[in-house]
Number of protein chains: 2
Amino acid sequence: MVNQVERGDGTCQCKSDSSGASNSGGDSSKESSRCSTPVLDAYRSDRLRDKMRRRMESGDRWFSLEFFPPRTASGAVNLISRFDRMGSGGPLFIDITWHPAGDPGSDKETSSMMIASTAVNYCGLESILHLTCCNQSKEKITGYLAKAKHLGLKNIMALRGDPIGEDWEEEEDGFNYAIDLVKHIRSEFDDYFDICVAGYPTGHPEAESYEADLRHLKEKVDAGADFVITQLFFRPDTFLKFLDDCRAIGITCPILPGIFPIQGYQSLRQLVKLSKLEVPEEITQVIEPIKDNDAAIRNYGIQQAVEMCRVLLDSGKVPGVHFYTLNREVATMEVLRQLGLWIEDPRRPLPWAVSAHPKRKVEDVRPIFWASRPKSYIYRTQDWDDFPNGRWGNSSSPAFGELNDYYLFYLKSKSSKDALLQMWGEELQNEESVFEVFTCYITAQPNRCGHKVMCLPWNDEPLAPETNLLKDELEKVNRRGVLTINSQPNINGKPSTDPIVGWGPPGGYVFQKAYLEFFTSSENVTALLKVLKKYEPRVNYHIVNVNGRNLTNAPEMQPNAVTWGIFAGREIVQPTVVDPVSFMYWKDEAFALWIEQWGKLYEDESPSRMIIKYIHDNYFLVNLVDNDFPLENCLWQVIDDMFELLDAPPELHSEETV
Amino acid sequence: MVNQVERGDGTCQCKSDSSGASNSGGDSSKESSRCSTPVLDAYRSDRLRDKMRRRMESGDRWFSLEFFPPRTASGAVNLISRFDRMGSGGPLFIDITWHPAGDPGSDKETSSMMIASTAVNYCGLESILHLTCCNQSKEKITGYLAKAKHLGLKNIMALRGDPIGEDWEEEEDGFNYAIDLVKHIRSEFDDYFDICVAGYPTGHPEAESYEADLRHLKEKVDAGADFVITQLFFRPDTFLKFLDDCRAIGITCPILPGIFPIQGYQSLRQLVKLSKLEVPEEITQVIEPIKDNDAAIRNYGIQQAVEMCRVLLDSGKVPGVHFYTLNREVATMEVLRQLGLWIEDPRRPLPWAVSAHPKRKVEDVRPIFWASRPKSYIYRTQDWDDFPNGRWGNSSSPAFGELNDYYLFYLKSKSSKDALLQMWGEELQNEESVFEVFTCYITAQPNRCGHKVMCLPWNDEPLAPETNLLKDELEKVNRRGVLTINSQPNINGKPSTDPIVGWGPPGGYVFQKAYLEFFTSSENVTALLKVLKKYEPRVNYHIVNVNGRNLTNAPEMQPNAVTWGIFAGREIVQPTVVDPVSFMYWKDEAFALWIEQWGKLYEDESPSRMIIKYIHDNYFLVNLVDNDFPLENCLWQVIDDMFELLDAPPELHSEETV
């Protein structure tokens, strides 16, 4: 890549890359004469159609995933975890169907609108929201679109939807077909949204003819649609013929095949009925005999989908494949793995998951405290006008949203109350029972009742691979009441492609300062403070109790960068900081989780509840940073020294206490 | 240091340090609820009186230096180099006398105002501007003060000055005494300026009595002066008695002794006459016999000053000593060295000299191009409203001032035309003569006429110690027409206290990417571009000719950080970047220096002039960054490969040229 920059008149022109593409997104205007590009991933803020174009140019095939909104709040919690798991395989986008019966445009946790917003904002997934226009007023549709835009959604799948009742008739001036919606979006929102429309490889069941339906598709595209996703089909030739026919009549935009891996006999029957498709005989012949054997049908479905996708991709005419997941993950993931499209180790652009909300496109620094609760961080900062970029200290929006107890990600665990009681103890005897829960979580060993502790209020997932590097030390200290909730090892210049600690583009180097965060008793803190004097100025600490009493040696309360990376041709990136100011907001949340997630499992006034409350009221939350990242991490020695001091004969203690 | 931060009401309070000082500077208000402190040196923006207070609290004694404005422009150039040399010893401040006969408030290069502004803005020295009020209108004085404020001066030495003519009388409502000026400054500029006043250890010669003069001093301090510097004296007891007398009548501010190291018989006689002081007999007895032996008198002066300062400092009552330098450096530096006050290796807060202009207090990133011409950089960015902080990409003031030929630092060399001709050649034979000049500069060997090449148009000083690390390689490539003007080695985590490459507070680690910048022929560039393909993406390059034709592989034209540091409890600091946009501004300057400094030494149309013009018109300016800082610097290999390609038989060359 060689950029030519001519400058004859005293001004300088910057050219982004050899593709010659200009970023035409509405909110990506240049603030000044300088090139204002996000540092690590210049394409992060691209619109979906530009991402597709770039992938097609580079011959880099993609997949995408369709989901429908869940029925219940706990279904929503599960679907969001599924987004995270399936998002990790690297879909180019996902889409969320519009569920007219489910109050789809509302603020309910289960609405299409909210699920799509969650996917974009909290899971960082490029998302398309379906929208059906049949029987809807223009005002209503405009309202949905405005809301979607406000929530950071940038893509709409424009559909007619099923008419209500048998006696549907065209309304003059109303939305009768998807094309009306496409035109409406373009007329009301100009070029803001990328628009997808549906294609029917065998023709829409209500169309006069296959040819007439092709012409309708051409009209939808001409009206402003950016690309097409097709209805499911069972034979690759069906799609390839359709594709050729589309091209023949001048449809030039991307046309993506909709793939339906058969996952069960009943779901196939149901879908076929809804879509008015016929299952080819070669398939019926195979599955009818095994219709009661779910596993066999699923295996067949996987094989059939893989073969079909191979034919499509090998044709050279299909840049990406779209999956109807039915909100399940196993079959689709298996198909994608066999096709080699599933990205086993997706490159992380930053050490934390980047939100796909356009407002956050420049965000590249966060406090380390929410490392295990990134969705909570996004939620509490959703009203910020600016996001820190380059340096945390530059943030002009320091106010974190208040603690609330209702929100999906906020204080709820995705496990049921029963599961939590099994993991964290039906009954606690004393503080040591709590230490034991932490220790079992760290060691991944079953607790005394035989249940594995898969999560803690501060960690909704099992231990991260990176934290596993510290497992032995963590176990030791948790046993003695240093209740760790966050930690990272020091890293002195590992390649950015390191499978455990790497992030950012290849060819770079990543660094970390060792970090440890834990709850511990005030007795321990008294000893710790004495010990920490020996580690000045190497170790920075912040020690705070629930009332906000805060002890620190942080110089002038500045943020301390604890994760940073050096990349070719880039400024330094420092995505994670220990920020003294935001630690006070995190503290509220971290202490609240004791009561809200753990204490409330037990009856009011029960001994178990009182033990949790005692910890909440009396323990301190401590964080420690070892600034000397090239040396061996000294934080374990700090804790050892603290234990040694506590174990020493009493005359060695002074009288002071915290 | 333990900071306590209480937070009960949802807000957070930050406390800067244990001294409990609040920064009361007019322009240091907090922009938001966050602690907004410069990253590396929180005290950099402190006002002088706060710096003094902090040094007194810590028992850290200081020195300061007085200079007078020069008579000629070349005297100004010399004085400014002296500021740099004497500034490197770590004075707490310098002061510039007000020279009523020299148009002191004008924009002349030699005016008191401009010299003080230069010391602050370009040399980064905390400076006090003297101001005399006698025979001046209030409007005129207010104008001077407003101008001083505008230029970034923050401290005024308020003096009466000598009345013009014998028949001076007090004017009603006029400025009759220094106290009138002190009051005027406070009434017109509130607390903006720190004010210094003069003290007379033996009483002002015109005062009614010693006691009356003490009372006048008390009145000046009560009127708003922040500290006192005394007239010179010859015996330490004179000062110590005066100090006690001041304290006795309630003067509590710092009182700094003015030290005059005797430097010659005539200058002593003259000064004594002006100040109406008597030289004590013990001194007269020593110097009268040696009055024609300058060296002997100077040695005596040094010893006498050292002894006097020792008594003063040992008294425990003197926090700092002020030197009347008479614009000379040897004697004062020697006294300071013997006292142990001269800082041999001052810690650099950043790898480049920080300007003391309050507007630039947050500046902590600069392009590497002006590394050897920092004053030119400051000059060309003086109209910026904001300075880059944390990340270069954040700069909102990208416009560099235009190239001008008149300014002191801009295109002028501090050497005379004759000296330059001796160094760079009375007559050039061909391009190789130019290569030889560069080579002699690098090797510090005399040229063929026996003259050492001490500077080049792009480097006004001999090779920096850091560049010396690369000396052998630099010599080799310059001999062959790779005319290097800027370079740095790669550094992978050296201590911040490293004497050659260190900067910033102790306990940190500094890093660099290898950098090389040179002029070379288009033939060489053609070969270089082929070679560079092998080094993608490890090496970033920018290659530009005088017309602005620019070849680069920089990703999206982003800045590349080439110097950064990691410090305890701080965000990452990246003080030096290779910025593609500012490179185009630097290019104009770098090419102009060929003609303005070198070519114009020769007659129009002379062969020597034509050779320089040929290089100016046809060579390219190249910069290279090796991004792989942990590995051995590959830039020398790049140049070797280029030479190898050039040396290869012609069939290996392709036909393309730049």
Side-chain angles (χ1 to χ4, degrees), chain A residues 1-8 12 14-17 32-37 39 42 389-396 398 492-493 507 509 511 537-538 540 547-561 564 566-572 574 577 580-581 584 625 627 629-630, chain B residues 1-8 12 14-17 32-37 39 42 389-396 398 492-493 507 509 511 537-538 540 547-561 564 566-572 574 577 580-581 584 625 627 629-630:
Chain A
M1 171 177 56
V2 171
N3 302 323
Q4 282 242 10
V5 182
E6 298 284 350
R7 175 170 169 261
C12 174
C14 308
K15 214 172 143 185
S16 68
D17 73 350
S32 72
S33 65
R34 301 186 64 80
C35 298
S36 160
T37 45
V39 171
N389 177 232
R391 193 180 269 192
W392 177 263
N394 283 347
S395 166
S396 53
N492 186 12
Y509 295 92
F511 293 79
R538 178 168 173 178
N540 279 124
N547 302 316
R549 179 161 183 217
N550 186 12
L551 304 159
T552 178
N553 68 340
E556 303 107 38
M557 299 293 281
Q558 289 187 29
N560 190 351
W564 64 99
I566 317 297
F567 299 95
R570 300 293 208 287
E571 294 192 80
I572 313 300
Q574 51 160 29
V577 296
V581 178
M584 299 305 278
V625 176
N627 287 296
F629 64 97
Chain B
M1 170 177 58
V2 171
N3 301 324
Q4 282 243 9
V5 182
E6 298 283 349
R7 175 169 170 264
C12 176
C14 307
K15 215 172 141 185
S16 67
D17 73 348
S32 72
S33 65
R34 302 187 62 81
C35 298
S36 161
T37 44
V39 170
N389 177 232
R391 192 180 268 190
W392 177 264
N394 283 346
S395 165
S396 54
N492 186 12
Y509 297 91
F511 294 79
R538 178 169 174 179
N540 280 126
N547 301 317
R549 181 162 181 215
N550 186 12
L551 304 160
T552 178
N553 68 340
E556 303 107 39
M557 299 293 282
Q558 288 187 31
N560 189 351
W564 64 100
I566 316 297
F567 299 95
R570 302 293 208 286
E571 295 193 80
I572 314 299
Q574 52 159 30
V577 296
V581 178
M584 299 304 280
V625 176
N627 287 295
F629 63 96

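Keep in mind that the numbers below use all heavy atoms, side chains included, and drop hydrogens, waters and symmetry copies. First the proteins, then the strands, lettered A, B, ... as listed; each starts at 1.
For chain A, no part of B:V625 is nearby; none of its heavy atoms comes within less than 4.5 Å.
Residues satisfying the side-chain contact (heavy atoms from CB on, under 4.5 Å) criterion with A:P630, sequence neighbours excluded, are A:N492, A:D628, B:Y509.
Residues B:F511 and A:I566 form no side-chain contact, since every pair of their non-hydrogen atoms from C-beta on lies 4.5 Å or further apart.
Closest approach of A:I572 and B:A561 over heavy atoms only: CD1-CB, 3.6 Å.
Between the side chain of A:N540 and the backbone N or O of B:A568 there is no donor-acceptor pair closer than 3.5 Å.
Annotation: the span from A:Q574 atom CD to B:R391 atom CZ amounts to 8.0 Å, rounded to 0.5 Å.
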